[in-house]
Amino acid sequence: MEIFLELTGIVLFALIVSIIMKILRQPLVVGYIITGIFASSSFLNLIHSKEQIELFARIGIIILLFIVGLSLNPKVIRDVGKISLLAGLGQIVLTFVLGFALTLFFGIQMIPALFVAIALTFSSTIIIMKLLSDKNDLNKVYGKVTVGVLLVQDIVAILILMGISSFSGVAETNIVTMVGLILLKGIAAIYALYLVSVYILPSFGHFMASSRELLFLFSLGWGLGLASVFHILGFSIEIGALAAGVSLSALPFADGIASRMKPLRDFFIVMFFILLGADMKLDVIGAI
């Protein structure tokens, strides 16, 4: 019962802040983050069941990116894939070089400057996806390229994290072996998903589409299931959720799946942004 009362208080507070944001003509995402800041232990201390809210937040991430994937059929990926790859890698290299030079200029030592520069190269996939979704720009050319760039960033981030763990002595295997293994697993997973989406999902999906409730459960299970599989393989749940949506994007009822999932997405993703605001350490801003 405590979590219910806690969740009720958080949602009502988010409602009040969101109304203010709407009046000020600001994105509601900003209101959710501000709600988290004021609900944190630094202010009103409304959040106590953090583990449960983190679970809600992860579900929100999966559903959001699953819906984004539904709008990215393989033809779209072929059209913008090369542009996204070049733009993504170019942005990472350029931002890293400039960030590294800037942090060295401010007197930060070599290794810390390296970590800061790496952090500066990556964007928040969830925030950008949410903004694109709210503006209905996911199907525009720049929206599709942006999604591709974010996907490139996620893949590079995985490789960098693997490298950091290897050089720090956390991982015992060679970094080349680790990278090769993760690439092989990724190619195998994508190929297996391609075969399933071409030969199994069309007929199986039509059966599921015969019932609205069955289609909803199938979509939710497919998105959560593939996100979990990709996580087990060493990828992020974001990539798994996006791949789950892409695998269903060519089906004739993909739009119907998206429309049924959006109300669920809107609730759970609010929890993600509230938690994001609550995790901000405002008490160390002065020291930073």
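Since the structure is predicted, the reported quantities are computational estimates derived from the model, not experimental observations.
Here the CD1-CG distance, from Ile126 to Leu150, works out to 9.0 Å after rounding to the nearest 0.5 Å. To the nearest 0.5 angstrom, Arg212 atom CZ is 13.0 Å from Leu214 atom CG. Residue Leu251 holds its CG atom at 12.0 Å from CE of Met208, rounded to the nearest 0.5 Å. In this structure, CG on Leu224 lies 9.0 Å from CZ on Phe66, to the nearest 0.5 angstrom.
You'll find the side chain of Tyr142 reaches within 4.5 Å of the side chain of Leu132, heavy atoms only. Contact check for Phe272 versus Leu64: no side-chain heavy atoms found under the 4.5 Å cut-off. Looking only at side-chain heavy atoms (C-beta outward), Ser124 and Ile128 stay at 4.5 Å or farther from each other. Residues Leu220 and Met261 form a side-chain contact, since some pair of their non-hydrogen atoms from C-beta on lies under 4.5 Å apart. Residues Ser133 and Ile67 fail the side-chain proximity criterion, which asks for heavy atoms closer than 4.5 Å.
Looking at Asp279, Ile47, Ile53, Val17 one by one, the single match for side-chain contact (heavy atoms from CB on, under 4.5 Å) with Ile274 turns out to be Ile47. Partner of Ile239 under the side-chain contact (heavy atoms from CB on, under 4.5 Å) criterion, chosen from Leu233, Leu226, Asp154, Thr125: Asp154. Checking each of Ile62, Val68, Leu151, Ile61 against Glu238 for a side-chain contact (heavy atoms from CB on, under 4.5 Å) leaves exactly one that passes, namely Ile61.
Contact record, Ala278 with Ser40: O-CB, 3.6 Å, taken as the closest heavy-atom pair. In plain terms, the two heavy atoms of Leu70 and Ser249 that are nearest each other are O-CB, 3.2 Å.
Taking the six-membered ring where the residue is Trp, Phe96 and Phe100 present parallel rings, their angle staying beneath 30° rather than reaching 60°. In this pair, Phe253 and His206 present their aromatic rings perpendicular. The plane angle is above 60°, beyond the 30 to 60° band.
Arg260 places a side-chain N or O within 3.5 Å of a backbone atom of Gly256 that can act as its donor or acceptor partner.
Legend: residues meeting ring pair (Phe, Tyr, Trp, His ring centres under 6.0 Å) with His48, ordered by chain and number and at least two apart, are absent.
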